[in-house]
Number of protein chains: 2
Amino acid sequence: MSRPRAKLIDYFPGCPVEATLSFLDGKWKGVILHHLLEEGTLRFNELRRRIPAVTQRMLTKQLRELEEAGLVSRTVHAVVPPRVDYDLTPLGKTLEPVISALRLWGSEHVMCGDDQVSAVMPPQQKVRSAA
Amino acid sequence: MSRPRAKLIDYFPGCPVEATLSFLDGKWKGVILHHLLEEGTLRFNELRRRIPAVTQRMLTKQLRELEEAGLVSRTVHAVVPPRVDYDLTPLGKTLEPVISALRLWGSEHVMCGDDQVSAVMPPQQKVRSAA
DNA sequence: CAGGATCCAGTTTGATACTG
DNA sequence: CAGTATCAAACTGGATCCTG
């Protein structure tokens with residue numbers, strides 16, 4: 001859900017849990033933030049490579065929403081070929097404990113595709129890398 | 001998003017962050033878990049009262065999904081009038097650190113409707129309690 | 001390289017009305 | 001009380017094609 005929920009750090013009708021989740025909403029914000037937290041500044045295609053299942057349209061969209069929410073900054077360099085850097089804002093960085101908690105729970109309770117826990121489960125049949 | 005993403009604790013194509021978020025997906029799972037963590041067992045209408053903006057249809061649906069995911073247990077008491085108790089499973093309780101992180105970030109960075117931070121912001125215009 | 005613009009199917013959600 | 005059923009609106013995300 002990325003509807004009229006919280007857009008900036010203003011008023012959100014509901015509880016803090018839902019408020020926070022509304023910022024992470026959409027299919028890819030979590031991973032995007034995760035990668036920016038881990039690796040710092042990344043270019044558009046660098047992000048794409050790290051999230052193989054995302055389409056450009058969606059990556060663009062989610063990045064725009066993160067930007068609007070004040071969590072991610074977008075820097076366009078006037079060079080050719082074009083170069084656009086994405087980075088976390090100071091506010092975005094405050095989400096680190098949240099992303100960490102999400103990652104920890106996930107790695108402890110779910111068998112994930114791109115995680116270092118991959119040793120536990122043999123890649124039996126391939127479970128669809130995209131949706 | 002509550003599509004084919006993770007349903008049980010089985011394989012999830014993607015990173016742990018996204019895997020965890022997929023369990024919290026949908027508009028109300030976060031709040032539901034939050035209330036069950038804070039108050040323990042709750043009946044259907046007790047939950048409704050704590051989440052004024054949710055419709056019965058949605059509350060039912062999200063509870064069913066949480067049940068299917070193994071995070072919430074549903075106990076039907078054969079009495080009249082009907083009584084159904086919802087509670088966290090042991091697995092559901094392991095989400096506590098996650099929900100805490102979400103709640104903490106939300107209460108620090110967003111002005112929420114039903115939070116104890118309400119003193120900070122005077123209820124100026126009423127911002128729509130539902131969507 | 002980094003998108004923008006369309007088209008479109010699949011889902012999610014809300015509103016309402018009804019029931020054991 | 002605790003739902004179920006139905007209709008319809010809203011939004012999502014994927015696929016394609018195009019551009020400075």
With sugar-phosphate meaning primed atoms plus P, OP1 and OP2, does P81(A) contact a base, only sugar-phosphate, or nothing at under 4.0 Å between heavy atoms? sugar-phosphate
Is the phosphate of dC1(D) approached by Y86(B) (side-chain N or O, under 4.0 Å from OP1 or OP2)? no
Under a plain distance cut-off of 3.5 Å, with no hydrogens placed, do T41(A) and D85(A) share a side-chain donor-acceptor pair? no
Starting from Y86(B), can I reach V76(B) by hopping between I/L/V/M/F/W/Y residues whose side chains sit under 4.5 Å apart? yes
Atom CG of L63(B) and atom P of dT13(C) are separated, to the nearest Å, by 13 Å
Which of dC1(D), dA2(C), dG13(D) is nearest the side chain of N45(A)? It is dA2(C)
Scan K29(A), R74(A), K27(A) and name whichever one has a salt bridge (Lys or Arg N to Asp or Glu O under 4.0 Å) with E65(A). K29(A)
Regarding the side chain of K27(B), the nearest nucleotide among dT13(C), dA2(C), dT4(D) is dT13(C)
Mind calculating the distance between CD (E18(A)) and C1' (dT13(C)) to the nearest angstrom? 14 Å
Length of the line joining Q56(B):CD and dA5(D):C1', which is rounded to integer Å: 11 Å
dT19(D) P sits how many Å from F44(A) CZ, rounded? 18 Å
Quick one: L59(B) CG to dC1(D) P, roughly how many Å, whole number? 14 Å
From CZ of R48(A) across to P of dG13(D) the rounded distance in Å is 16 Å
Applying a 4.0 Å non-hydrogen cut-off, can you work out what R74(A) is touching in the nucleic acid: base, sugar-phosphate, or nothing? sugar-phosphate
Taking only distance into account, with no hydrogens and no angle test, what donor-acceptor pairs under 3.5 Å do side-chain atoms of residues 91-99 of chain A form with protein atoms, sequence neighbours excluded?
| from | atom 1 | to | atom 2 | distance (Å) |
| --- | --- | --- | --- | --- |
| T94(A) | OG1 | L91(A) | O | 2.5 |
| T94(A) | OG1 | W105(B) | NE1 | 2.9 |
| E96(A) | OE2 | S100(A) | OG | 2.8 |

Would you mind reading off the distance between Q62(A) atom CD and dG4(C) atom P, rounded to a whole angstrom? 14 Å
Rounded off to whole Å, could you give me the CD-to-P distance for the E67(A) and dA2(C) pair? 15 Å
Think R57(B) has a side-chain N or O under 4.0 angstrom from the OP1 or OP2 of dT16(C)? no
Given dG14(C), dG14(D), dG3(C), identify the nucleotide with an atom nearest to the side chain of M58(A). dG14(D)
So, is K61(B) near the phosphate of dG3(D), with a side-chain N or O under 4.0 Å from OP1 or OP2? no
Nearest to the side chain of R83(B), heavy atoms from C-beta on, is which of dG4(C), dA2(D), dG13(D)? dA2(D)
Identify the heavy atoms of A101(B) and A101(A) that sit nearest to each other, and give their distance. CB-CB, 3.9 Å
Consider side-chain contact (heavy atoms from CB on, under 4.5 Å). Of D87(A), T89(A), L88(A), which one does V72(A) pass it with? L88(A)
With a non-hydrogen cut-off below 4.0 angstrom, is R64(B) in contact with a base, only sugar-phosphate, or nothing? sugar-phosphate
The helix from dC1(C)-dG20(D) to dG20(C)-dC1(D): angle between terminal helix axes, five bp per end, to the nearest 10 degrees, reads 60°
Side chain to side chain, M58(A) and W28(A), heavy atoms closer than 4.5 Å: yes
Below 4.5 Å, heavy atoms only, C-beta onward: do V110(A) and F23(B) meet side chain to side chain? yes
Considering only dA2(D), dG3(C), dA15(C), which nucleotide approaches the side chain of V84(A) most closely? dG3(C)
